[in-house]
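Shown next, in structure tokens, is the structure this report addresses.
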Amino acid sequence: MKIIQASVAAPEANVGIVIARFNNFINNSLLDGAIDALKRIGQVKDENITIIWVPGAYELPLAARILTNSGKYDAIVVLGTVIRGGTDHFKYVAGEASSSIANLAITSEVPVTFGILTTENIEQAIERAGTKKGNKGTEAALTALEMINVLKAIKF
Ligand code: INI
């Protein structure tokens, strides 16, 4: 039996973080959580982390794709917050962002992790941005670190 499991230490990794400005009072906490996880847990060097701001969650996949295409990054962490409003806008923004990001990871073979909150209201978003329900940015960064090492172990 062969079992492959990876650690989250990736001291030589280059990581891109793509983050939306829309709802940035929440996204800044996701970013803090992601950077903390990359540096403190993953041992990623400060100079090997690149942060790209875009207007909203809808724009995240395009910027992430430019980064995966560049060949310079071992993983991309995507951060944003989509909060349900009075119309269907939420559905299109969140749906497009999530399916495009999933698709990008598969087609590029670069881990692109999903740190986008999709919530009913601001309170739920705050709970998931470093308060009682954890920090989705931290989670997305840890997942990126583990996937960097998983891919290293399974790629020939
Ligand atoms: N962008 C977000 O990141 N979160 C939202 O909650 C949101 N809502 O609800 O409208 C949002 N809209 C902007 C969108 O991402 C694009 O920037 C815009 O549609 C222009 O393409």
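Every number for a ligand or one of its atoms is a count from 1 in the order of the listing. The residues of the chain are indexed from 1 along the displayed sequence. Everything numeric in this text was worked out from a predicted model, so none of it was measured.
- A donor-acceptor pair is defined here as one N or O able to donate and one able to accept, closer than 3.5 Å; such a pair exists between the side chain of N135 and the backbone of T138.
- Protein residues with a heavy atom closer than 4.0 Å to ligand 1 are F22, N23, G56, A57, Y58, E59, T81, V82, I83, H89, V93, listed by chain and number.
- For K152, there are no side-chain hydrogen bond (donor to acceptor under 3.5 Å, both in side chains) partners, not counting sequence neighbours.
- Here the CD1 atom belonging to I4 is positioned 11.0 Å from the CG atom belonging to L151, to the nearest 0.5 angstrom.
- Each of T50, V15, T68 was scored for a side-chain contact (heavy atoms from CB on, under 4.5 Å) with Y73, with one residue passing: T50.
- Counting only distance, with no hydrogens or angles, the side chain of N28 and the backbone of N24 share a donor-acceptor pair below 3.5 Å.
- Distance check: L117 CG to I126 CD1 gives 10.5 Å after rounding to the nearest 0.5 Å.
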